[in-house]
Structure formats: structure tokens, C-alpha cells
Amino acid sequence: MLELRALCKSWNQPPNPARTLLAQISLHVAAGSVVALLGASGSGKSTLLKIIAGIEAPDTGQVLFDGEDLTHAPPEKRRCGLIFQDFALFPHLTVAGNVAFGLVEQGLRRSQAHARACDMLERFGLGHCVNARVGRLSGGEQQRVALARALVVEPRVLLLDEPFSALDADLRLHLRAEFTQRLAALGTAALWVTHDEAEARAVGQRGYRLVDAGLQPLW
Ligand SMILES: Nc1ncnc2c1ncn2[C@@H]1O[C@H](COP(=O)(O)OP(=O)(O)O)[C@@H](O)[C@H]1O
Ligand SMILES: [Mg+2]
């Protein structure tokens, strides 16, 4: 379970005027639920995800995981999965190497990590390409590898930042259904950023819009 309490973030970089991006943002993402987040470009959606992941620090406010205050914990202590629009896979590694990476970081032996990664890829219908270089895969396949890599470490919450923006419309619809099914099957909580309102409504049990530095509940 993820809880945000009164998060605030401003950018202050003279000579630019100071800008408050996030003002008193509070939000619950319950275990197993998906919350959708809409918002215009530049409204601060990615910054909010970075604060949750520990890549940026808030000015004030708290980020709690399962009731534990991890506002100042490093990213690796949070167990957040991250999915970006540009896939962000490691190009020099194989598909299995990408998925095994986080498991090795968690301390699993390389052979065990590889076996778990292959098992996950099999379940994702990617068993045929475990040894392929990721650059040889299509965009849709790369994003499914990114999902497998994020989920194999059993994240407490998955953060998706416009995951399908780089893909064409048919594939977006297909992957939307596949991703939501996989999240539901694993009971993974997710905060799903998208600028596509139809996608937001299809994936999110609740939806918000980030506007004027605040969260407006939509459904
Ligand atoms: N590290 C930073 N320093 C200063 N301004 C930033 C920084 N990162 C992002 N911004 C600005 O914050 C605003 C929101 O960015 P972002 O969170 O990426 O928005 P969104 O994901 O909603 O499009 C943008 O105007 C961007 O230029
Ligand atoms: Mg963004």
C-alpha cells in the first residue's frame, strides 16, 4: 500500500520565477488497486512518480509504503517498479539478463535469477526470446519485457509513466488489457500516469487529474 501525505514540491531556479508544481498532494493506493493519474504535459506527473520512487526529494510531506515512512529512503529500499514510455531496458543485456538484473541486485545467485527470469518470461509469452538482445524486439515486446522486469521483483507498487505513448493505437489497446490482467493476477498496486482519458478509465479503479498543483478526483 502506498500513501502520500501532503507532498509539496517547487522548482526555484533563478532567473526563472519559482513555480509550485505539487501543493499538499495526498493519495492512497490500496493493495491490489490501480489509480490512474491524468494531467496536462508539464503538470508534474513525472515529478510525482520520481518523488515516490526516490529519484527526487519532496520539499515537505511524506511517502509511506505499507505504513512505513520512506520519504528519505534510497530508491532500492522502496521496492517500486518503474515503467517508462521509452522502455528503458539495458541494451547490452539479453531479454533474460534484463529481467534477472533486479533479482541479482536483491542478492539472488545469477543462476537462480536467470531461472526465475526465464520462468516469468515464459508466463509473459516471451519464452521464445529469452536470449535475444532487447534491441531486436518490437516496441510492444520491449514494453512487455519492461513489465516482466518490473514485476519479477514483486514490487510494493508499480509506477507507470505514460507506458504506451511510443506505441501505435492497436497495440496500446491490446497491451492495456494485458497489463491490467497481469497486475490483477499478481495483486500489484499501481499508479498509472497517462494523458489518454479512455486508457485511464479502463485501467484505474480511481482516477485523478493533476491540475494547478493539486489532485482533482475524477471518479
Ligand atoms: N529537475 C528539475 N528542475 C527544474 N524544473 C524541472 C525539473 N524537472 C522537471 N521540471 C519542470 O517541472 C515541470 C513538470 O515536469 P514533469 O513532472 O516532467 O511534468 P509531466 O510529467 O506532467 O509532463 C516542467 O515544467 C518541467 O520543465
Ligand atoms: Mg511526464
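Start at 1 and go down the list; that is how both ligands and their atoms are numbered.
Side chain of S33 to backbone of A189: no donor-acceptor contact under 3.5 angstrom is found.
Excluding waters, the set of protein N, O or S atoms lying under 2.8 Å from the Mg ion (ligand 2) comprises S46 OG.
The side chain to side chain donor-acceptor pair (under 3.5 Å) test with E178 is passed by exactly one of R182, Q181, R176: R182.
Residues S46 and D161 have side chains that bring a donor and an acceptor to within less than 3.5 angstrom of each other. Donor-acceptor pairing under 3.5 Å is lacking for the side chains of Q205 and W219. Using a 3.5 Å distance cut-off with no hydrogens or angles, the side chains of T194 and E162 do not pair a donor with an acceptor.
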Practice task
Kindly indicate, with the supporting measurements, whether the criterion salt bridge (charged side-chain N to carboxylate O under 4.0 Å, His left out) is fulfilled by R209 and E197.
Solution key: CA-CA 10 Å; R209 189 184 304 282; E197 182 150 359; 3.3 Å; yes
Problem - CA sep, side-chain torsions, deciding dist, call: S10, N12, side chain to side chain donor-acceptor pair (under 3.5 Å) - result: CA-CA 6 Å; S10 301; N12 189 6; over 6 Å; no
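Listed by chain and residue number, the protein contacts of ligand 1 are W11, Q13, R19, L21, A40, S41, G42, S43, G44, K45, S46, T47, E56 (heavy atom within 4.0 angstrom).
Partners of F179 under the ring pair (Phe, Tyr, Trp, His ring centres under 6.0 Å) rule, at least two apart in sequence or in another chain, are F164.
Cluster partners of L93, by chain and number: F90, F101. The rule joins Ile, Leu, Val, Met, Phe, Trp and Tyr whenever side-chain heavy atoms lie under 4.5 Å apart.
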